[in-house]
J.: 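Quick one: the structure is below, questions incoming.
Because the structure is predicted, anything quoted here is derived from the model rather than measured. Protein chains get the first letters and strands the later ones, always in sequence-line order, with residue 1 at the start of each.
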Amino acid sequence: MRIPPKYTQIAAITILGAATVFTVAILIFILVFVLEKGLPILSLNFLFTSPADMGRSGGIFPILIGTVLLPLLAIIVAAPLGIATSVYLVEFTNESRITRLIRFGTDCLAGVPSIIFGLFGFIFFVTILGMGWSIMSGGLSLAFMILPTIIRTSEEAIRAVPKAYREVSFSLGASRWQTVRKVVIPNALPGVVTGVVLGIGRSIEETAVVIFTAGSSLLIPTSVFDSTRTMAVHFYILAREGLSMENAYGTAAALIIAVLIVNLTAYFMMHRFIAKRN
Amino acid sequence: MKLLGEKGVERLLSVVAFSAISALGLIAVFIFIEGLPFLFKYGIKDFLLSSDWRPDAGKFGIYPMIAASFWVMLGAMLIGAPLGIAGAIFLAEFVPKTVMNIIKPAIELLAAIPSVIYGFIGVVVLAPVIRDLFGGPGLSLLAGAIILGIMIMPTVISISIDSLLAVPVSFREGSLALGATKWQTVHMLTTKAAKSGIVASIILGMGRAIGETMAVIMVTGNSVMIPHSPLESVRTLTANIALEMSYAIGMHREALFATGVVLFIVIIILNSIASVAIRKKVIVK
Amino acid sequence: MKKYFILFGFMTAVLFFGCGKAKVSVTLAGSTAFQPFAEKIAEKYMASNPNITVTVQGGGSAVGIQSANSGAAQIGMADLVKLPDEAKSLTSTVVAQDGIAIIVHPKNKAVNLSIEQLRAVFNGKIQNWKEIGGSDAPITVVSREAGSGTRSSFEKIVTGITLVNNAVIQNSNGTIRETIANDENSIGYISHGILNDKVKALMIDSVECTTESIIAKKYNLVRPIFLLTKGAPEGEVKNFIDYILSDEIQAMIKKDGLLPVK
């Protein structure tokens, strides 16, 4: 007997809806689980005092600094490279074998597992270039990792700038580079910055790369050649080694909030950018 | 920049544009330099197909890790892909646009939760449940598959929604006008038109599942053995590297880099397939 | 608000002027068994010597040997019964002794294992707790990864171990302790120095794993902790090692569960 389409539709919607609710519920559970235990510990005092006894007590001030410095260095290196690449791809070439190669390389780099970036950074920056476990090694390795994110996002942003803008600029006698600098980049800026912000987010979340290349020192770094720890690494060590569950949850809450802020910023910038374009 | 002139700028950009591919090349070169000589010295066949991993005795067979990576990935896909695709279809087709515009970014935000946190929840919440319900050590293939399945869901949902929404509205209108129900339209038309995008989302999810390290180390227990049941503890390729790297010297260290070579090649193959699938979608459009 | 400005100024300063180092720094790397002690000692040392930075990295005994050889760390830390050939060119100083405790969940009924039973458990010959005084439940063996100093010491002392292949592997002392604390049916081994009340140490051949029994040489699962330097230690490196060997610090590590060498 054939089941009437109306009933299959109801059945399908129910199943799909249940799956969606289930998915969202799991993800919300994870957030609530961590924030519920972590938020009571999180305080300005926790953020701005140094840890004592390997993180069993005290706060996370040096870790906060590490969490700012590593992504910052990564961005300083990766943003110019990534943005220049996307400008070249969109403005200075036509689709060709070379652009396809560059895009393929970018896609592959985006898919490379973080442990490979960690291995590479460890062998290349830490050992061969002799930078040791340091902010420098960690930042450069992270820069490699976030490069594809920045290239892809800014490429889309630059591509989205209407052709007419460029044509007007050309007709006024501007050169290609002048057009890029004065017309294209300013109009694509929010989208480009979104890519940068997403790159920062990726660096904050990362653990494997940082452990392998930046070490895990708990001291406040005094130079870029000092080892440091990010919140993700600190959480991992505290929780895994059973040093202090309280401080681990506090760190996890700080980490999640940082990641959410960064990604929300990116989202709203992108949203405004799209809204403006339409 | 003025000093460079128009041509100079272009030349500079054309050099910089190779940064990503040079980065990829550099990584490949250094991982291969460290790993390939070992592969040839030890024998590719022995390395890939032997199950004996005892670095202290000079035995380096990574077959159990390859099997584990495969099973954990497959398990993650069996859990994450259906849920993710179902969620994507529901959000893209059956929910008002305003609702989707809230839930989709929310799910994407959750993709940003650090993997160590997923792993931690796997250890303190999931593993004890598995141990109590089914026995075994709890830290197991099943725990790894569930955690990874959850981790890849946002990727699958997000890309699938994009490709479902890319299907022209006129397709749908035509089908509905012919008297098909919304569900008939979705499963006979929209999902078919969006197929390559959905496939790409699954392949990217596979890549993420195979490449994930920290969460897997925490929840799978890391035993070196070919799994016979989902309740057994296993060690993936990524976990093998991260667990032993810091302790390894000599041959052992080279063997871990060789593990990296294997992983690198697998990922590049998966990404090539995904990028072909995505390009197809563009052509269809 | 002021705090943020200071923070911002500080970060800028770090980024732009960071390369000129004013402080003398000593880096230790290696053994995760000694790492917590080294970090604690370093904190104390820096408090009284503000112009010196002591950085402590984990990694494991092999990293200790490797980084002392390569110069990545001035001092390598290793906890091994016998140092490997790679360490032959290094100067070694024994700074402490450390027992290896066999641990189970506090609720586990087993209290004592003979060396033979211990060996059989880790070889997978004994698979159920009821065979060795526990309740009827399968044993989950937890061990360290290949290359670990604690694991190689453990296997060298117990002898005749080919680790059962479904053993769960964790890569540090602390992680093993957490894993055991989470699973009533598991057994593992950790440095005596990091025992706490989340786990229970078993007696081996009816000898308890305590500081006293180790000093009295009754408890046999003991290995030395080496600090490795390239050439004889000198300057700040020597000062720091001497500090570790001082009565004050030796007394402190004894209180925390390691065994002093003096």
J.: So for A/Ile123, is it side chain, backbone, both, or neither that comes closer than 4.5 Å to the heavy atoms of chain B?
T.: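 Contact with chain B: side chain only.
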
J.: Identify which of B/Val186, B/Ile157, B/Leu26, B/Val15 forms the greatest number of heavy-atom pairs closer than 4.5 Å to chain A.
T.: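 Of the candidates given, the most pairs with chain A belong to B/Leu26.
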
J.: Look at B/Ser115, B/Gly207, B/Ser272 and state which one has the largest set of heavy-atom pairs under 4.5 Å with chain A.
T.: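 Most heavy-atom pairs under 4.5 Å with chain A: B/Ser272.
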
J.: Salt bridge check: are B/Glu34 and B/Arg253 linked by an N-O gap of less than 4.0 Å?
T.: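 So B/Glu34 pairs with B/Arg253 through a salt bridge.
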
J.: With a 4.5 angstrom heavy-atom cut-off, which part of A/Ile204 approaches chain B: side chain, backbone, both or neither?
T.: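 No part of A/Ile204 comes within 4.5 Å of chain B.
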
J.: Select one option (side chain, backbone, both, neither) describing which atoms of A/Leu89 are under 4.5 Å from chain B's heavy atoms.
T.: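 No part of it gets close to chain B.
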
J.: Chain B heavy atoms under 4.5 Å from A/Phe124: which part of the residue, side chain, backbone, both or neither?
T.: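 Just the side chain, heavy atoms under 4.5 Å.
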
J.: Evaluate whether atom CZ of A/Phe170 has more than 12 neighbouring non-hydrogen atoms of other residues, nucleotides or ligands under 6.0 angstrom away.
T.: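 Yes, because the 6.0 Å sphere around CZ of A/Phe170 holds more than 12 heavy atoms from other groups.
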
J.: Let me know if A/Ile98 has heavy atoms under 4.5 Å from chain B in its side chain, its backbone, both or neither.
T.: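 Contact with chain B is through the side chain of A/Ile98 alone.
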
J.: Can you tell me which portion of A/Leu198 sits under 4.5 Å from chain B's heavy atoms? Options are side chain, backbone, both or neither.
T.: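 Neither part.
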
J.: Determine whether more than 12 heavy atoms belonging to other residues, nucleotides or ligands lie under 6.0 Å from atom CZ of B/Arg11.
T.: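 Not buried by this count: 12 neighbours or fewer within 6.0 Å.
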
J.: Heavy-atom distances under 4.5 Å only: say whether A/Leu109 touches chain B with side chain, backbone, both or neither.
T.: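 Both the backbone and the side chain of A/Leu109 come within 4.5 Å of chain B.
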
J.: If only side-chain N and O atoms count, and only distance matters, is there a donor-acceptor pair under 3.5 Å linking B/Thr185 with B/Ser175?
T.: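 Yes.
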
J.: Given heavy-atom pairs under 4.5 angstrom as the criterion, report whether the side chain, backbone, both or neither of A/Val112 touches chain B.
T.: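 For A/Val112, heavy atoms of backbone and side chain both lie under 4.5 Å from chain B.
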
J.: Using a cut-off of under 4.5 Å on heavy-atom pairs, state which of B/Gly84, B/Ala112, B/Ser19, B/Ala28 scores highest against chain A.
T.: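 Greatest number of close heavy-atom pairs with chain A: B/Ala112.
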
J.: Please state whether the side chain, the backbone, both or neither of A/Arg202 comes within less than 4.5 Å of a heavy atom of chain B.
T.: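 No part of it gets close to chain B.
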
J.: What part of A/Met245 gets closer than 4.5 Å to chain B, counting heavy atoms only: side chain, backbone, both or neither?
T.: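 For A/Met245, side-chain heavy atoms alone lie under 4.5 Å from chain B.
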
J.: Which atoms of A/Ile115 come close to chain B, meaning under 4.5 Å heavy atom to heavy atom: side chain ones, backbone ones, both, or neither?
T.: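 Interface part for A/Ile115: both.
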
J.: Under 4.5 Å from any heavy atom of chain B, what part of A/Phe268 do you find: side chain, backbone, both or neither?
T.: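 Interface part for A/Phe268: neither.
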
J.: Heavy-atom distance under 4.5 Å to chain B: side chain of A/Ile116, backbone, both or neither?
T.: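 A/Ile116 touches chain B through backbone and side-chain heavy atoms alike.
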
